[in-house]
Amino acid sequence: MADRGPVARAAPRPPCGPGYATLRDAGTYRGLATVDREGRGLRGLLPPNVVEDDVEVRRAREALGQCDGAFESYKQLVALQTTDERTFYKLLRSDTERLLPLLYTPTVGEACLRFGTLIQRPMGVWVSSDDAGNVRELMRNWPRDDVKIAVITDGERILGLGDQGANGMGISAGKSMVYAACGVPPSALLPIQIDTGTNNKTLLDDPLYIGLKRERDRSQAYDALLDEVVVSIRERFGPNTIIHWEDFAPRNAFRVLKKYYSAPDVVTYNDDIQGTAAVTVSGILASVRALERGGDVTQQRVLFFGAGQANIGAAELFVLALTKRGVAEADARKRVWLFDSKGLVVRSRASQLSDDKLPFAQDAREETDLASAIESIKPTVLVGAAAVPGAFTQKVVKSMSKLNDQPIIFALSNPTSKAECTAEQAYAWSNGRAIFASGTRFPPVRFSAEKTFAPGFANNAFIFPPIALATIVSGAKQVTPDMFLTAAEALAESVDANLFAVGAVYPPVDRIASSAVAVAARTRQDQDHDDRAVRARSRALDRFSIA
Ligand SMILES: O=C([O-])CC(=O)C(=O)O
Ligand SMILES: [Mg+2]
């Protein structure tokens, strides 16, 4: 018989080496920056060049540059996050201004709308109604032990886009990325999506929908599931783990916040009620400082268009800001007006008003037209958070401009498609006099040959990261309204004349991380009066510095 040579003789097949699995783990993968390949069984699994981390970041930046449009960029970035976490976060921290709008508002809104075609590797934990009784086990499945912040949504009010069901994971993941951009270690973050169904008919009919195909559970079982989630998080990651509630519908948002805020030792806040409130109040404080003729915070009259969680939170926090400045609470409340879907919130409507609106019901006649309400109230500040695009019409902006040299106008609804007016409209209709900011950033507006505006980013992204840092470092057991007010004041004071000159009342986005650390330091000092405790814990702040 003919000799069949070496191929036939190499009969016993050696087992596969151990290295491959480590390359599939986003937490350990280092791309071409991987060293010690020999010892780890990685030879041949990567191209031969060994490069510095920076080269990997450059490679990722190039790849991003090849994407066509924001949504493609989002997909590319999430793919990077789920394959090579280190490069992803280095890129995010080095290029925050460019990446934030791709990973966060406005693009994250589109991502949530199209999540069915998107989901790749785990971005967090999904807890569905069908998991009731077993949530502890789900938490055990999360691979990291050092979680400090759980970002939880039930997907019922995603930005201004309404019920997105289980697709809301995009927002929990996006908020987590903002924390990480501000220096929180990625392993300290756990995005959670609670899925008790959706009332979004389009999703229910979509064969690619990723969540439970049933109507939202409005029974006690919903509350019980939330309880189980909170208990399981605290058990698995420790009782100080921050519970961050995000994008719940108002019917649950206020209730859930109140319930856990008053539970002993649960460290919790609602970003839409308290974070947006603080960023709004900060914007008002900074705008008053920016007024060319000078201004007094206690003399402002604020009209909130929309009486959902953001504006009610802001109204309450503004009242607190005024009382801190010596105004009696009853007088402070008279300076704050709400306008909801039925018009001005006034006493004659009291029997139909929710508990959250009632304290703001004014002694005035009913009014259903926004421009007419402005004529009668004469506000100095107009804040929109109603997700009614175009609600700030030319007439509205002109009315504000007739009453004020520099009307303060914030269009907070997200994403850009939901803003009450655009930056360009605010400047055009006020003849360049408005102090304007928006929840999703608008690009700079060239108003005239001499004047280009770069309006501010009135987004809670300037608040929740420092609040979390301050809470962790001070070991606070409760995140109080005072902490949010301190954060708002510190943020407002950080805005300087150079920014005012271009119409900005917030720091630029490329300063979001340094701003978070500075605001956290102020908030922490105010919070913790025990010096020894501060010193003992302040070393922990180092852990949150940017790598
Ligand atoms: O996510 C954002 O950009 C701000 C926010 O919380 C919201 O609009 O619900
Ligand atoms: Mg939100």
Side-chain angles (χ1 to χ4, degrees), residues 21-22 24-30 53 78 80-93 103 121-127 135-153 169 172-194 228-246 260 265-269 271 464-479 513 516-517 520-521 523-524 528 533-534 536-547:
T22 68
R24 306 284 292 186
D25 178 346
T28 54
Y29 184 65
R30 297 283 178 269
D53 283 347
V78 170
L80 180 64
Q81 187 202 22
T82 52
T83 48
D84 180 354
E85 238 179 31
R86 189 154 92 155
T87 302
F88 171 79
Y89 285 109
K90 276 181 178 283
L91 183 66
L92 175 57
R93 288 169 181 184
L103 287 164
R121 304 253 189 112
M123 301 175 96
V125 172
W126 268 273
V127 182
V135 178
R136 182 179 287 156
E137 191 186 315
L138 270 59
M139 292 304 154
R140 274 207 304 268
N141 289 342
W142 187 247
R144 277 141 180 196
D145 296 328
D146 55 340
V147 169
K148 300 243 176 306
I149 308 169
V151 185
I152 308 176
T153 189
M169 178 58 98
S172 290
K175 295 279 170 182
S176 299
M177 289 171 194
V178 176
Y179 277 120
C182 292
V184 176
S187 61
L189 296 159
L190 174 56
I192 295 179
Q193 167 76 55
I194 299 199
E228 203 186 331
V229 168
V230 171
V231 168
S232 305
I233 290 170
R234 287 159 54 85
E235 212 176 82
R236 164 90 166 88
F237 305 110
N240 287 347
T241 313
I242 293 173
I243 310 287
H244 166 149
W245 305 107
E246 187 69 42
Y260 292 104
D265 270 12
V266 178
V267 187
T268 191
Y269 45 82
D271 182 37
F464 62 82
I467 285 288
L469 294 177
T471 302
I472 292 166
V473 170
S474 67
K477 295 282 181 213
Q478 233 186 4
V479 191
V517 172
T523 309
R524 183 199 62 181
D528 212 323
V534 174
R537 294 186 202 110
S538 63
R539 258 172 291 135
L541 194 58
D542 298 340
R543 296 211 314 272
F544 295 103
S545 60
I546 306 286

A.B. asks: How close do Ser187 and Asp146 get, counting heavy atoms only, and between which atoms?
C.D. replies: OG-OD2, 2.8 Å

A.B. asks: Specify whether Tyr269 and His244 have parallel, tilted or perpendicular ring planes, treating 30° as the upper limit for parallel and 60° as the lower limit for perpendicular.
C.D. replies: tilted

A.B. asks: Given side chains that start at C-beta, do those of Ile152 and Glu246 come closer than 4.5 Å, heavy atoms only?
C.D. replies: no

A.B. asks: Contact between Val151 and Leu190 at the side-chain level, heavy atoms closer than 4.5 Å - yes or no?
C.D. replies: no

A.B. asks: Identify, with sequence neighbours excluded, every residue that meets side-chain contact (heavy atoms from CB on, under 4.5 Å) alongside Thr241.
C.D. replies: Val147, Ile233, Phe237

A.B. asks: Would you say the side chain of Ser172 lies within less than 4.5 Å of the side chain of Thr153, judging by non-hydrogen atoms?
C.D. replies: yes

A.B. asks: Kindly say whether Ile243 contributes a backbone atom to a donor-acceptor pair with the side chain of Thr268 at under 3.5 angstrom?
C.D. replies: yes

A.B. asks: Locate the shortest heavy-atom distance separating Arg236 from Arg144; write the atom from each residue and the value.
C.D. replies: NH2-O, 3.4 Å

A.B. asks: For Ala173 versus Met123, what's the shortest heavy-atom pair and its separation?
C.D. replies: CB-CE, 3.8 Å

A.B. asks: Check whether any side-chain heavy atom of Val178 sits under 4.5 Å from a side-chain heavy atom of Phe464, and report yes or no.
C.D. replies: yes

A.B. asks: Is there a side-chain contact between Thr87 and Tyr29 in this structure, where contact means two heavy atoms from C-beta onward sitting under 4.5 Å apart?
C.D. replies: no

A.B. asks: For a quick test of reading the model, state the closest non-hydrogen atom pair linking Leu189 to Ser176 and the distance between them.
C.D. replies: CD1-O, 3.2 Å

A.B. asks: Would you indicate whether the side-chain heavy atoms of Ile467 and Thr523 approach each other to under 4.5 Å?
C.D. replies: yes

A.B. asks: Would you name the heavy atoms of Pro466 and Ala516 that are closest together and state the gap between them?
C.D. replies: CB-O, 3.3 Å

A.B. asks: For the pair Arg93 (side chain) and Ala181 (backbone), establish whether a donor and an acceptor sit closer than 3.5 Å, ignoring hydrogens and angles.
C.D. replies: no

A.B. asks: With a 4.0 Å cut-off on N to O distance, would you call Arg30 and Asp84 a salt bridge?
C.D. replies: no

A.B. asks: Quick one: closest heavy-atom pair of Val127 and Met139, and the distance?
C.D. replies: CG2-CE, 4.2 Å

A.B. asks: With a 4.5 Å limit on heavy-atom distance, are the side chains of Thr471 and Ile242 in contact?
C.D. replies: yes

A.B. asks: So, taking the atom named CZ in Arg86 and the one named CG in Leu80, what distance separates them when rounded to the nearest 0.5 Å?
C.D. replies: 12.5 Å

A.B. asks: Which value, rounded to the nearest 0.5 Å, describes the distance between Ile194 atom CD1 and Trp126 atom CH2?
C.D. replies: 13.5 Å

A.B. asks: If only atom types and distance count, is the side chain of Arg234 paired as donor or acceptor with the main-chain N or O of Pro239 below 3.5 Å?
C.D. replies: yes

A.B. asks: Just by distance, no angles: are the side chains of Gln81 and Tyr89 close enough, under 3.5 Å, to form a donor-acceptor pair?
C.D. replies: yes

A.B. asks: Does the side chain of Val267 come within less than 4.5 Å of Val479's, by heavy atoms?
C.D. replies: yes

A.B. asks: Please check if any side-chain donor atom of Lys477 sits under 3.5 Å from a side-chain acceptor atom of Asn240, or the reverse.
C.D. replies: yes

A.B. asks: For the side chain of Glu228 and the backbone of Val135, is there at least one donor-acceptor N/O pair under 3.5 Å apart?
C.D. replies: yes

A.B. asks: Taking it one step at a time, do Leu103 and Phe88 satisfy side chain to side chain contact (heavy atoms under 4.5 Å, CB included)?
C.D. replies: CA-CA 11 Å; Leu103 287 164; Phe88 171 79; 3.7 Å; yes

